[in-house]
Amino acid sequence: MNLKKWLVESSGKYRVSILLLLSVLCSCAGSISNKALEKKLAVYDIEIENGESARIISGLNQLNYENPENPEILLRLANLNASLGRNNAAVQLYKKCLARAPDMQPAWRGLVKLYLKAEPKEALYLLEKMKTLYPADAEILNDYGVALDLNGRYLDAQNAYASAINLDPTLVSAEVNLGLSMALAGQKEKGLALIRPYAQAADATPRTRENYAVVLIANGRIDDARNVLADYMSPAAVPGMLEKLSQFLKVHGAV
């Protein structure tokens, strides 16, 4: 799953440069002339939103068979496979989607999310391209910050988060990521103070609570981290998550 190699091969195949592959507008993106197909996709979107991914994936596969290489269908299939943990399949589907619609930003972001989980260096390479093409997109800058953090470039990551927050002050994930980055860079108490209000909010996401737990562990507050995790996961799952978060800190030299 070498991103640079794929981009180079794709650029040769389609006779465009890497930059053009990322930026060129394609009329097929987001454009479905068949009204029946458009209605089917709208129904699938509702079912996906309702968490019925596993049930509908066979139907989408059939739809893809009947309408091959349609980027809108490929995008939904890629998202579904990613949500089901079928990451290799999702990567290939995102790439197929982008081969047909090079400017389809949701496909680029889906691909980035998978690379962030498995290949942070590849994710950083891609996001450096994306932030140049979309300098006013706060979510891309936020993802860029995550990639920088995962590659140990904490101060650069914090600058990226600050830029994202400046563009969109309501982007909670950037605030939370900034707090975590500060803790990884040694500013453990400041990071904790920044994350705390978001993690203690009634609508805090599991990811926010996990980041809060990470910073609590970095501050030596293991019991508090355990209690945070126990608020939203089963007691049997807590020890494993604590170990995972502790290992993350060790990798980044923050414990």
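Just so you know, these numbers use all the heavy atoms, side chains as well, and skip hydrogens, waters and symmetry mates.
Between the side chain of Asn177 and the backbone N or O of Ser173 there is at least one donor-acceptor pair closer than 3.5 Å. Judged by distance alone, with hydrogens and angles left aside, the side-chain atoms of Arg221 form no donor-acceptor pair with the main-chain N or O of Leu216 at under 3.5 Å. Not one N or O on the side chain of Asn211 forms a donor-acceptor pair closer than 3.5 Å with the backbone of Leu180. In this structure a side-chain-to-backbone donor-acceptor pair under 3.5 Å is missing from Tyr154 to Ser181. Looking only at distances, a side-chain donor or acceptor of Ser163 sits under 3.5 Å from a matching main-chain atom of Asn159. Distance alone, capped at 3.5 Å, is enough to place a donor-acceptor pair between the Asn151 side chain and the Pro120 backbone.
Residues that satisfy the salt bridge (charged side-chain N to carboxylate O under 4.0 Å, His left out) test with Asp45, not counting sequence neighbours, are Arg76.
Residue Val215 comes nearest to Lys188 through the heavy atom pair CG1-O, 3.7 Å, listed as atom of the first residue, atom of the second, then distance. Across all non-hydrogen atoms, the minimal contact from Gln187 to Gln158 is OE1-OE1, 4.0 Å. What you find for Ala164 and Asn142 is that their closest heavy atoms are CB-N, 4.0 Å. Contact record, Ala89 with Asn81: CB-OD1, 3.8 Å, taken as the closest heavy-atom pair. Scanning all heavy atoms of the two residues, the minimum distance from Leu98 to Met104 falls at CD2-O, 3.7 Å. Heavy atoms only, all atoms of each residue included: Ala199 and Ala204 are closest at O-CB, 3.4 Å.
Side-chain heavy atoms closer than 4.5 Å link hydrophobic residues (I, L, V, M, F, W, Y) into clusters, and following such links, possibly through other members, connects Val214 to Tyr198. Note on Leu167 and Leu148: separate hydrophobic clusters, where clusters join Ile, Leu, Val, Met, Phe, Trp and Tyr whose side-chain heavy atoms are under 4.5 Å apart, directly or indirectly. Tyr232 and Leu245 fall within a single hydrophobic cluster, where Ile, Leu, Val, Met, Phe, Trp and Tyr are joined by side-chain heavy atoms under 4.5 Å apart, directly or via other members. Under the 4.5 Å side-chain heavy-atom criterion for grouping Ile, Leu, Val, Met, Phe, Trp and Tyr, Ile222 is connected to Leu192 within one hydrophobic cluster. Leu133 and Tyr94 fall within a single hydrophobic cluster, where Ile, Leu, Val, Met, Phe, Trp and Tyr side chains are chained together by heavy-atom contacts under 4.5 Å.
Taken to the nearest 0.5 Å, the CD atom of Glu122 stands 10.0 Å off from the CG atom of Leu111.
Just one of Arg109, Lys117, Lys131 meets the salt bridge (charged side-chain N to carboxylate O under 4.0 Å, His left out) condition when paired with Asp143; it is Arg109.
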